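Please read the structure below before turning to the comments.
Keep in mind the model is a prediction, meaning the values are calculated, not measured. First listed ligand is number 1; within each ligand, the first listed atom is number 1. Only this structure's heavy atoms are used, side chains among them; waters, hydrogens and symmetry mates stay out.
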Amino acid sequence: MSILLTGGAGFIGSHTAVELINAGYDVIIADNLSNSNEKVIDRIKMITNRRPKFYKIDVSEVEELCKIFDENDITGVIHFAGFKCVPESTKVPLKYYRNNLDTTLSLLEVMSKYKCNSIVFSSSATVYGDKNPVPFEENMPVGGATNAYGKTKLMIEEILKDIAMSSKDFSAVLLRYFNPIGAHPSGLIGESPDGIPNNLMPYVTQTAIGVRKFLTIYGTDYNTHDGTGVRDYIHVVDLAKGHVAAIKYATEHTGVEAINLGTGKGSSVWDVIHAFEKANGVKVPVQIGERRPGDIDECYASVYKAAELLNWRAKLSLEDMCRDSWNWQKNNPKGYESIWQYKNKWENVKSGYLVAFYIKYFIIYFLIHIFLLLKLYFQVAYLVEQAKTKTREFGAFKEINDNYPKYILSLDRANFSEDGIIHKNIIEWLLDI
Ligand code: WQD
């Protein structure tokens, strides 16, 4: 039984691949690596000792998808592929509609062609909008997403509902994630955002490790217990296990079910910061900033449906999430990137130059120090010799002084110049005494 993970090289996809393999599934990953790194495939093998089959494709390409279905016996699909940056989606909505809808429509066409009828969709709590009371329940009205990212999630949920209505064999589980954070306890896979992180936890870990000067708390005037935004943070490993339960459910049932994946508990920004500092014994420098547009006061899940239908609930605590996030950050300061593996060649060249510069700088620095040390050594040696000479002179002088009459009397006329100056060689002779 193979499960296809579209976008499976990403943060949640890679953790889901690990838990699926641990549960005995064969895993196939299709990803264009636009927001992930191929290194993660090796890391999954390091954790599970089994390497998922990897196809580097754009999931919107029907022919590429057909090739995967031709080469593998796929019984279910977990669909992660899609852009997911909320702020970016407000700036370039068309990019989000084109990519997130095209990938989904191509995938569903090919699934239909190959009679693969089970899908788990990576949806989001964003679909609840900001009008519903917390905790959000799956039967509450959805809509009111304030950004293109959230609206594409909503549209795809509607597409899947319509397909289920038209095909009695079709099964879809719409997993509405709350706030996934943390990392696999091995520290081998984790969240590796490109550039400046949008989400709270990667910003916290990058601040704690010194990549960022401080964390900005976006607003302290929300209607919450301490004025900062409250969210339902869930450990990404718990979330991944929720996907294993969901694909099992999807392959054993038909119809569409929306299911929240959260802990049912809300934590504020300060709660996260304090839990992080307590779990890891590090300080997170913060500054207070203005509210971020589109943020809501509170967002946390009702978790009864997941427990009832999937027999799943989150088990790991906020401290576990903070500890594992920090472990990942410490072990991977540049995420999956390393100084030699920038995405484009010029970056590698630059980084090569950078390393060469530092090596050259070190060699020069080392040689200068060697020169200065040698100079100091010879200066000291010279001064020691001088001191010895002076001592000798003093000794000689003392010798002469003590025995002056004897030596002078031993000199004769020939040892003096016309004007009575004693010859240099006499002095040397005297000094050699
Ligand atoms: C959490 C809290 C911020 C950063 C988003 C998407 C959601 C899902 C998860 C994809 C908020 C505050 C944050 C910072 C801060 N995305 N914050 N300083 O916005 O709840 O959810 O990510 O699956 O669909 O909407 O998550 O981590 O960005 O913010 O104070 O530097 O932390 O105001 O209260 P969010 P987040």
- Which of the atoms of ligand 1 are close to T126, meaning less than 4.0 Å from one of its heavy atoms? 7 (C), 24 (O), 25 (O)
- Item | Ionic contact status for E158 with K161, cut-off 4.0 Å | yes
- Task: Select the closest option to atom 18 (N) of ligand 1 among L200, I12, I273, T216, judged by heavy-atom distance.
- Result: T216
- Message: Measuring from atom 30 (O) of ligand 1, which candidate in Y218, W270, F178 has the nearest non-hydrogen atom?
- Response: Y218
- Heavy-atom gap Y149 to ligand 1 smaller than 4.0 Å: yes
- Query: For the ring pair Y249 and H243, is the centre-to-centre distance below 6.0 Å?
  - Reply: no
- Query: Heavy-atom contacts under 4.0 Å between N179 and ligand 1: side chain, backbone, both, or neither?
  - Reply: side chain
- Any idea which protein heavy atom is nearest atom 5 (C) of ligand 1, and the distance to it? N199 ND2, 3.7 Å
- Message: Between D26 and R50 (salt bridge meaning N to carboxylate O under 4.0 Å), is one present in this structure?
- Response: yes
- Is it true that a side-chain atom of S112 and a backbone atom of L108 form a donor plus acceptor pair closer than 3.5 Å? no
- re atom 20 (O) of ligand 1, the protein heavy-atom contact at minimum distance is R231 NE, 2.6 Å
- Got an N/O contact under 3.5 Å between Y203 and ligand 1? no
- Give a yes or no on whether a salt bridge exists between K95 and E88, defined as a side-chain N under 4.0 angstrom from a carboxylate O. yes
- Item | Residue among V120, I78, I247 satisfying side-chain contact (heavy atoms from CB on, under 4.5 Å) with L5 | I78
- Query: So, is I217 polar-close to ligand 1, with some N/O to N/O distance under 3.5 Å?
  - Reply: no
- Query: For ligand 1, is any non-hydrogen atom under 4.0 Å from V86's backbone (N, CA, C, O), its side chain (CB onward), both, or neither?
  - Reply: side chain
- Would you mind running through ligand 1 and noting each atom that sits below 4.0 Å from a heavy atom of N198? 4 (C), 28 (O)
- shortest atom 34 (O) of ligand 1-to-protein heavy-atom contact is with G229 CA, 3.5 Å
- Query: Under 4.0 angstrom from ligand 1, any heavy atom of Y233?
  - Reply: yes
- Going by an N to O cut-off under 4.0 Å, is there a salt bridge joining R292 and D295? yes
- Query: In the protein, what heavy atom is nearest to atom 33 (O) of ligand 1, and what distance, to one decimal place, separates them?
  - Reply: D295 OD2, 2.6 Å
Could you pull out every donor-acceptor pair under 3.5 Å between side chains of residues 279-291 and any protein atom, sequence neighbours left out?
| unit_1 | atom_1 | unit_2 | atom_2 | d |
| --- | --- | --- | --- | --- |
| N280 | ND2 | F276 | O | 3.2 |
| N280 | ND2 | C322 | O | 3.3 |
| K283 | NZ | E277 | OE1 | 3.4 |
| K283 | NZ | E277 | OE2 | 3.2 |
| Q287 | NE2 | T216 | OG1 | 3.0 |
| R291 | NE | D221 | OD1 | 2.8 |
| R291 | NH2 | D221 | O | 3.0 |

- Query: Would a distance-only check, ignoring hydrogens and angles, find a side-chain to backbone donor-acceptor pair under 3.5 Å from N260 to G262?
  - Reply: no
- Note on the structure: Check: of Q206, R212, R292, R291, min heavy-atom distance to atom 19 (O) of ligand 1 comes from R292
Can you give me every donor-acceptor pair (side chain of residues 309-317, partner residue at least two apart or in another chain, under 3.5 Å) with its distance?
| unit_1 | atom_1 | unit_2 | atom_2 | d |
| --- | --- | --- | --- | --- |
| W312 | NE1 | D238 | O | 3.1 |
| S317 | OG | E319 | N | 3.4 |
| S317 | OG | D320 | N | 3.0 |
| S317 | OG | D320 | OD2 | 3.0 |

- Distance to 0.1 Å, residue and atom name: give those for the protein heavy atom nearest to atom 12 (C) of ligand 1. V269 CG2, 3.8 Å
